[in-house]
Structure formats: structure tokens, C-alpha cells
> 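If you scroll down you'll find the structure; I have some questions about it.
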4 protein chains.
Amino acid sequence: MARPRSEEKQRAILEAAIHAVASHGVTAPTTMIAKEAGVAEGTIFRYFPTKDDLLNAVFLHLKQQLRSTMIASDAPADSIEQRARESWNSYVDWGVLDTNASRALNQLSVSDRITAEARVEADALFPELSELAEPHPDSPLADCGSDYYNSVFSALADATIGYVAYHPDRAAACKAAGFTMLWKGMGHP
Amino acid sequence: MARPRSEEKQRAILEAAIHAVASHGVTAPTTMIAKEAGVAEGTIFRYFPTKDDLLNAVFLHLKQQLRSTMIASDAPADSIEQRARESWNSYVDWGVLDTNASRALNQLSVSDRITAEARVEADALFPELSELAEPHPDSPLADCGSDYYNSVFSALADATIGYVAYHPDRAAACKAAGFTMLWKGMGHP
Amino acid sequence: MARPRSEEKQRAILEAAIHAVASHGVTAPTTMIAKEAGVAEGTIFRYFPTKDDLLNAVFLHLKQQLRSTMIASDAPADSIEQRARESWNSYVDWGVLDTNASRALNQLSVSDRITAEARVEADALFPELSELAEPHPDSPLADCGSDYYNSVFSALADATIGYVAYHPDRAAACKAAGFTMLWKGMGHP
Amino acid sequence: MARPRSEEKQRAILEAAIHAVASHGVTAPTTMIAKEAGVAEGTIFRYFPTKDDLLNAVFLHLKQQLRSTMIASDAPADSIEQRARESWNSYVDWGVLDTNASRALNQLSVSDRITAEARVEADALFPELSELAEPHPDSPLADCGSDYYNSVFSALADATIGYVAYHPDRAAACKAAGFTMLWKGMGHP
DNA sequence: TATGAATGAGTATTCATTCAT
DNA sequence: CATGAATGAATACTCATTCAT
């Protein structure tokens with residue numbers, strides 16, 4: 001599939017897919033996505049050869065979007081704790097602000113239609129998480145693999161996002177509590 | 001007077017469903033489940049009127065299984081920390097030992113085909129989690145809602161189970177690290 | 001299938017089938033019929049080898065029931081018109097009185113699951129209709145076949161029954177009008 | 001811009017449905033209809049969202065067809081009797097000429113899958129039947145409801161069509177006899 | 001290139017019938 | 001003989017994908 005003409009149409013399809021997946025899961029029919037995107041049924045397949053390709057593209061698109069958010073908020077940080085907290089905060093905020101995006105990403109994350117390659121590619125977007133995760137020798141995480149921290153980070157963040165979505169008034173408390181867990185869990189005092 | 005309804009067959013269907021859902025998600029076709037269970041397709045619907053009923057039954061079955069495991073390992077605990085750690089350990093061990101069960105439970109947990117009732121019923125099986133979660137006033141969790149802890153517990157546990165499944169040699173380290181996170185996150189020193 | 005033991009059970013099945021067919025058409029499931037008859041699903045098939053056999057039996061049963069009614073009301077008639085009118089009246093009354101029976105018979109009459117043999121057998125139950133129908137040479141019916149009259153008789157009667165079922169207050173008028181049609185149509189003055 | 005929706009295909013589906021319903025009743029499977037129409041099974045559902053929609057469309061299609069026939073034969077009539085007789089004749093002729101159509105219409109008419117709306121719409125196609133039915137005060141039909149005549153008209157016509165289908169040589173006699181019944185039954189001398 | 005009509009394999013569910021108890 | 005559990009072919013409908021326009 002050659003790069004298709006309309007960048008805008010591709011974007012519309014992605015956005016429509018996000019919305020559809022958020023509300024109907026990965027089984028959301030392509031017809032529904034097409035309708036929501038304002039394109040014909042067949043058009044989707046000129047931009048994404050199969051539905052799976054589309055789903056994986058959505059997955060990466062969301063991860064990149066999240067990535068951008070985190071960079072945007074990347075103020076020069078005083079301390080490593082500050083940087084870590086800001087990563088955490090922007091991650092959670094992104095999910096809370098754009099519920100659709102967050103819900104869609106959750107659905108995709110657990111779906112077996114997202115390939116291992118896409119997952120690897122997505123993880124590579126967040127190198128600083130790994131860096132922050134670099135545990136000091138006496139951290140409890142020292143003997144866990146390097147991406148155990150990553151798993152835990154997103155697991156905690158997703159749980160927090162999900163919870164805050166239903167209890168917006170507790171957003172601040174939960175964000176703080178979640179970060180404390182992460183930070184103390186790494187062996188910081 | 002007729003052939004009695006077979007407890008064993010019902011079990012076979014549940015087990016088959018677990019396996020099928022673990023590897024194909026909740027969209028695993030009933031034909032596949034039937035074949036795996038060694039029964040005719042129609043038989044499934046004698047035991048579970050609809051596929052959704054089957055899925056909810058599987059969900060509760062797995063939760064109960066998990067529950068039993070945790071009770072079985074419920075040694076008289078010296079301290080509250082000890083009790084908490086044992087809950088955590090047996091939860092994670094269950095998932096690690098029976099990967100299918102754990103994967104299926106994850107798929108079901110995020111599926112919108114599991115009813116709110118089933119979820120409530122499932123949560124009621126783990127009252128001690130809530131009790132352990134009771135935060136003291138100066139815990140970071142104090143201002144979060146009461147089930148934020150629960151969300152975090154399963155999120156961390158599932159992440160740990162998933163990770164350990166791929167890195168069995170690090171099981172001990174990850175289990176310990178995960179619990180530390182949880183424990184310290186609650187404000188314990 | 002040997003004549004089965006319980007005459008009573010056979011009757012219960014027939015009655016249940018009448019009710020089920022009246023309200024759900026010939027597609028009424030055998031399980032529903034069994035339940036309504038208070039017998040097990042399989043029992044039906046000890047009395048009637050197939051569902052089609054059951055339906056044909058119901059058809060004949062209803063025709064016989066109708067037949068009995070008409071005989072019962074068969075007072076010694078003064079004139080041939082009187083006899084004809086009484087036939088007509090008892091036929092229509094039967095349908096009006098037992099709506100279920102009438103509805104079921106209608107459903108069965110138009111169903112292609114009733115065999116030609118059953119239809120012939122049923123017609124043979126009403127020989128006097130044919131006799132009454134014997135047209136005099138100058139009747140408009142003279143050149144129609146002998147059972148055209150029969151068809152017309154039941155067509156008119158069924159239409160009348162159906163109409164009266166919804167407009168019970170007009171029963172008398174419709175019965176009279178229907179008979180007039182029949183009688184005058186035969187060339188009587 | 002895409003392939004236009006084919007009027008011809010819709011027609012093929014309707015015709016196939018008529019044929020299938022005529023010979024197998026309303027339970028004729030959609031696969032059979034599709035095969036007979038020479039289209040894929042899914043295609044049926046592009047033209048008719050559900051099978052019930054298809055059945056209702058077939059019902060109306062047949063009524064309209066019948067309607068056209070009757071209009072076509074609508075010569076300027078000398079008398080009201082002449083007009084009535086021509087209505088009757090063309091109705092019966094239609095059924096005799098196209099046995100499938102007539103059989104299908106009969107099946108549909110008694111089916112509970114034809115909606116009340118469709119029936120009302122169909123009746124509205126034949127306003128002159130109601131007009132002709134307007135009974136004079138001393139008609140036997142005077143005290144019956146206004147659509148008793150309609151019921152009787154179709155009942156007689158269908159019976160006649162059915163009979164003539166098997167005895168084509170008696171068509172003329174039966175048509176005449178049937179009309180006489182109707183006409184005399186209305187109190188005409 | 002975009003469209004949307006056409007496709008047909010795939011899905012959950014039903015039901016007449018069989019047969020172990 | 002009666003029961004009802006088990007069966008699996010059949011059914012209406014869906015949907016990712018193809019392809020004529």
C-alpha cells in the first residue's frame with residue numbers, strides 16, 4: 001500500500017477507530033469506523049490493508065500521542081524525583097483528559113491482535129522510563145528484569161486512570177498515592 | 001430417570017472455555033469451546049443458556065479458584081504484614097502456575113460482557129483484601145477511595161504475573177518487589 | 001410405534017399441540033408442546049414418530065371434533081334448507097366457541113406439512129356436505145366439480161369464524177349472511 | 001461512483017422469495033432464496049435488513065401486482081354488477097395465472113410475520129372493493145361489519161383460485177359460480 | 001483514487017430426534 | 001415405558017474484504 005494521498009483522511013480514520021474501539025472494543029466493525037470517519041467502507045482498506053493493521057496503527061498512534069504529551073510537559077527538572085513525578089503525572093493526566101484515547105489504548109493493550117512488534121516499537125517510545133527505572137543496587141527492583149518496572153509503571157498508571165475516570169474528585173490524591181508507590185517501591189526513602 | 005446431567009461435562013466446558021478464552025479472547029467461538037470440551041455444540045447451551053452466561057460463569061469460576069488457593073495458603077499469620085504478603089504471594093503464584101487461568105481472567109476482567117453483578121459477586125469473595133487495604137490516616141492512600149487499593153492490587157499482581165510468566169527465574173525477586181511497592185505505598189515504613 | 005399405553009397422555013399431547021399451534025403456528029417447538037402437555041420431551045416421539053405425524057394427527061383430531069359437534073346438533077330437520085343451515089351454524093359455532101381449536105385448524109390447513117392423504121381423510125368425514133352440495137341442474141354450481149362446494153363452504157365458514165372472533169357482537173348477523181351467500185349461491189331462491 | 005444498487009437484483013430476490021415461499025412457506029430458508037435469486041446470502045440483507053422485512057416486502061409486492069392486474073382490466077363498466085364481476089374475475093385470473101404468486105400470498109396472509117401496518121397498507125390498495133361492498137339497507141350483510149365483505153371476498157376468491165388451479169377446465173364455471181354467490185349474497189336479485 | 005455493492009465464511013443459537021438411564 | 005441429556009444440522013444475520021464502477 002503506497003502512502004495514500006490524503007493525510008487528513010488517514011487521520012480521520014484513526015480518530016474514528018479510537019472512538020469506536022473505546023466504546024465497542026476491538027470488535028467494533030469496520031463499517032462503524034468508516035461511518036464515523038466519514039469515508040466509504042472500502043476506503044479504510046486503502047489506508048490500512050487489514051483491520052489488524054488498522055488496530056496496530058491505532059495502538060501506536062495512541063502511544064505516540066501519549067509520548068508527545070509527556071515530552072511537552074517535560075520542563076527542566078530539578079531532581080530525578082521531579083522528573084519521574086512529571087512523567088507519571090503527564091501519563092495519568094493524558095488518560096484522564098482523553099477518556100476515549102485511554103479506554104481505546106486499554107482495549108488494544110490486552111488484545112491479542114496487537115503484534116509483539118508493535119508492542120516493542122511502542123515501548124521504545126518511552127526510553128526515559130527505562131532510564132528512570134535504572135534501579136540502584138539495593139532497590140527491591142534490582143533483581144527483576146529491566147522492563148518489570150515498565151510493566152508496573154503502566155499497570156499502576158492505567159489503574160489510576162481508570163479509577164480517576166470514575167472519581168474525578170480524587171484525582172490529586174490518587175495521582176500522588178500512585179507515584180509514592182512507584183517511587184518508594186524503587187527503594188527511595 | 002433419564003441420563004443425569006453431568007457435573008463432569010459442565011466442568012469440561014468451563015475448562016475448555018478457560019483455555020479458549022486464554023488463547024483467543026472472549027471472541028473464542030463456541031464451536032471451538034465445544035470441540036475442546038469434547039461435547040456437541042448444542043450441549044454448551046444446555047449448561048449455559050447463552051455465551052455471555054458461560055463467560056460470566058467462567059469469570060466467577062476463576063475468581064473462586066483463586067479464592068480457594070488463597071485460603072489454602074492461609075497459614076496463621078504472625079503479623080498483618082505477613083498476612084498481606086501471603087495474600088499477595090498466593091495471588092501471584094496462582095497466576096504463574098496456571099497461565100491459562102490467569103490470562104483468561106485478564107481477558108474477562110476487561111470485557112464488557114462480564115456483568116456488574118458478576119463483578120460485585122467476585123469482589124465479595126475477597127473481603128480480606130479490603131480489610132488489609134484499610135489505610136491508616138497518614139497513608140498516602142488515605143484520601144483515595146476505598147477500592148483504589150483493590151484496583152492497584154490487581155493491577156500490580158497482574159503485571160507481575162504477566163512478567164513472571166516470561167521470566168520464571170525472576171519470580172521471587174518480582175514477587176518481593178511487587179509486594180514492597182504495595183506495602184510501602186500504603187505508608188508502612 | 002405400537003399403540004402406546006396411556007390414552008390419556010396421547011390426548012394431553014394433542015391438546016397441548018392444539019394450544020401451541022394456535023398461538024405459535026406449526027413452528028411451535030416440540031419442547032413447548034411437551035411442557036404444555038406435562039410430559040417429557042422424548043415422550044412425544046413415543047406417541048408420534050415425527051413432528052409431522054403429530055401435526056397431521058392434530059389436524060384429523062380437530063376435524064373429528066368438529067365432525068362430532070355437527071352430528072351432536074343434528075336434530076331431525078324439517079327441510080333440506082334447515083339441515084344445511086344447521087350444518088353451517090354448528091360449524092361456525094364450533095370455531096367461535098373454541099378459538100384455539102379453530103386457529104390451530106386454520107394454521108394446519110394452510111401448512112404444507114399436512115399430507116394430501118390427511119386432507120382426503122378429513123374431507124371424508126363430512127359426506128353430508130357433499131350430499132347437500134348436490135346441485136340441481138340449473139344451479140350455478142352445476143358445472144363446477146363436486147368439491148368446489150366443499151372448498152367454498154369451509155372458506156366461507158373460516159372467514160366467518162375469524163371475523164366473529166374479533167366482532168362477537170355481530171355473530172348472529174354474520175352467520176346468517178354467510179349462510180345466505182352459500183344457499184343463494186347454490187341457486188336456491 | 002461505486003457499483004450502483006441493482007434494481008434487477010432486488011427484483012430477483014423478491015421473485016425468488018415468492019417462489020420459495022410458495023413451495024416452502026414462510027419458513028423457506030434465506031439460503032434457498034439467495035440461491036434461487038442467484039445472489040450471495042449476504043446480499044439479501046443489503047436489500048432487506050431482516051427476513052421479516054423481506055416477507056413484508058413480498059407481501060406488498062404481490063398485492064401491488066394484483067392491484068395492477070385489476071386496474072389493467074378495468075374497462076369502463078356498464079353497471080355496478082359489471083364492475084364487481086370484473087374485479088372478481090381479474091382477481092381470480094391473477095391467482096390462476098400465477099399459481100406461485102397466489103400460493104405465496106396465501107401463505108403470507110396467514111403468517112404472523114406480516115405486520116399490521118403492511119396489512120393496512122395492502123388493504124388501502126383496493127379501495128373499490130370496500131366501495132362495491134357498501135351494502136344496501138336490506139342486504140343480509142347490512143348488520144355485519146364493513147370488512148366482513150372483504151374477508152368473504154378474499155376467502156371465496158382464494159378458494160376459487162385454489163380449486164381452479166387443480167381443475168383448469170372448470171375455471172369459467174367456478175368463476176361464475178363464485179361471483180354469483182358473492183353477488184346474491186349481497187342481496188341482489 | 002474513492003466508493004459502496006457484493007460476497008460468503010463465520011457466529012450464536014434453536015430444535016427435532018436419538019438413546020442412555 | 002418414560003425420561004430428559006445429548007446431539008449436530010440448520011438458521012438468520014454479521015462483517016472483513018474484494019472489486020466493478
Side-chain angles (χ1 to χ4, degrees), chain A residues 1-2 4-6 9 27-35 38-55, chain B residues 1-6 9-10 27-35 37-55, chain C residues 1-6 9 27-35 38-55, chain D residues 1-6 9-10 13 27-35 37-55:
Chain A
M1 176 206 51
R5 194 66 61 76
S6 162
K9 210 158 275 189
T27 60
T30 50
T31 49
M32 174 186 287
I33 298 172
K35 202 171 293 173
V39 301
E41 293 185 43
T43 303
I44 287 184
F45 296 93
R46 304 194 63 77
Y47 289 82
F48 307 95
T50 70
K51 190 186 181 185
D52 278 13
D53 287 316
L54 170 58
L55 291 176
Chain B
M1 206 185 297
R3 209 176 325 182
R5 197 174 275 215
S6 153
K9 210 157 274 189
Q10 168 147 347
T27 60
T30 50
T31 43
M32 175 184 289
I33 297 173
K35 204 169 292 172
V39 300
E41 201 175 352
T43 302
I44 288 183
F45 296 93
R46 293 212 129 237
Y47 289 84
F48 306 95
T50 68
K51 190 185 177 186
D52 278 13
D53 287 316
L54 170 58
L55 291 177
Chain C
M1 175 205 50
R3 260 302 125 89
R5 193 67 59 76
S6 160
K9 211 159 273 188
T27 60
T30 51
T31 49
M32 173 185 288
I33 297 172
K35 203 171 292 170
V39 302
E41 293 185 43
T43 302
I44 286 183
F45 296 94
R46 303 195 63 77
Y47 289 82
F48 307 94
T50 70
K51 189 186 181 186
D52 278 12
D53 287 315
L54 170 58
L55 291 177
Chain D
M1 207 184 295
R3 207 176 326 180
R5 195 173 277 214
S6 152
K9 210 157 276 189
Q10 166 148 347
I13 294 171
T27 60
T30 51
T31 43
M32 173 184 288
I33 297 174
K35 204 170 292 172
V39 300
E41 200 174 355
T43 303
I44 287 183
F45 297 94
R46 294 211 129 238
Y47 289 84
F48 306 95
T50 69
K51 190 187 177 185
D52 277 14
D53 286 316
L54 171 58
L55 291 177

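Per chain, numbering begins at 1; letters A, B, ... match sequence-line order. Just so it is clear, the model here is predicted, and its values are computed rather than measured.
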> Distance check, rounded to the nearest 0.5 Å: A/Ile33 atom CD1 versus A/Phe48 atom CZ?
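Reported to 0.5 Å precision, the distance equals 10.0 Å.
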> Pick the nucleotide of DNA chain F nearest each of D/Pro29 and C/Lys9; which residue has the one closer to the 5' end?
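Counting from the 5' end, the first nearest nucleotide belongs to C/Lys9.
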> Figure out the NZ/P separation between C/Lys35 and E/dA16, and round it to whole Å.
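Distance check: C/Lys35 NZ to E/dA16 P gives 13 Å.
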> Between atom CD1 in C/Ile44 and atom P in F/dG4, what is the gap in whole Å?
12 Å
> For D/Phe48 and F/dT14, what is the distance between atoms CZ and P respectively, to the nearest whole Å?
16 Å
> Grab the CG-P distance between B/Asp53 and E/dA12 for me, whole Å please.
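That distance rounds to 14 Å.
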> Can you tell me how far apart OG1 (A/Thr31) and CD1 (A/Ile44) are? Round to the nearest 0.5 Å.
8.0 Å
> Would you mind reading off the distance between D/Ile33 atom CD1 and F/dT11 atom P, rounded to a whole angstrom?
11 Å
> Please report the closest heavy-atom contact between B/Tyr47 and B/Ser6, naming both atoms and the distance.
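In this case the closest contact between B/Tyr47 and B/Ser6 is OH-N, 3.1 Å.
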> Nearest whole angstrom, please: distance from the C1' of E/dA12 to the CE of B/Met32.
15 Å
> Is the shortest distance from a Lys or Arg side-chain nitrogen in D/Arg46 or A/Glu41 to a carboxylate oxygen in the other one below 4.0 Å?
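Yes, this pair counts.
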> Quick one: CG on A/Leu54 to CZ on A/Phe45, what's the gap to the nearest 0.5 Å?
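Reported value, rounded in 0.5 Å steps: 8.0 Å.
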> Just to confirm, is there a sub-4.0 Å distance from OP1 or OP2 of F/dT3 to any side-chain nitrogen or oxygen of C/Thr43?
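Affirmative; the distance criterion is met.
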> Scan nucleotides 17-19 of chain F against the protein and return all N/O pairs shorter than 3.5 Å with their distances rounded to 0.1 Å.
| residue | atom | partner | partner atom | Å |
| --- | --- | --- | --- | --- |
| F/dT17 | OP2 | A/Lys51 | N | 2.8 |

> Roughly how far, to the nearest 0.5 Å, is the OG1 atom of C/Thr27 from the CE atom of C/Met32?
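If I round to the nearest 0.5 Å, the distance is 8.5 Å.
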> Both D/Arg5 and B/Thr27 contact DNA chain E. Taking the nearest nucleotide for each, which residue is further toward the 5' end?
D/Arg5
> Reading DNA chain F from 5' onward, which residue's closest nucleotide shows up sooner: D/Pro4 or B/Ala40?
B/Ala40
> Once you apply a heavy-atom cut-off of 4.0 Å, does D/Tyr47 come out as touching a base, just sugar-phosphate, or nothing?
sugar-phosphate
> Write down the atom of C/Ala34, the atom of C/Ala40, and the distance for their closest heavy-atom approach.
CB-O, 3.8 Å
> Just how far is it from atom CG of B/Leu55 to atom CG of B/Asp52, taken to the nearest 0.5 Å?
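B/Leu55 atom CG to B/Asp52 atom CG measures 6.0 Å (nearest 0.5 Å).
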> Can you list the residues that meet the side-chain hydrogen bond (donor to acceptor under 3.5 Å, both in side chains) rule with D/Arg5, with sequence neighbours excluded?
none
> Measure from CG on A/Leu55 to C1' on F/dC15 and round the result to the nearest Å.
14 Å
> Would you write the dot-bracket representation of DNA chain E, where each base gets (, ), [, ], | or . depending on whether it forms a Watson-Crick or G-U pair under 3.5 Å and with which partner?
.||||||||||||||||||||
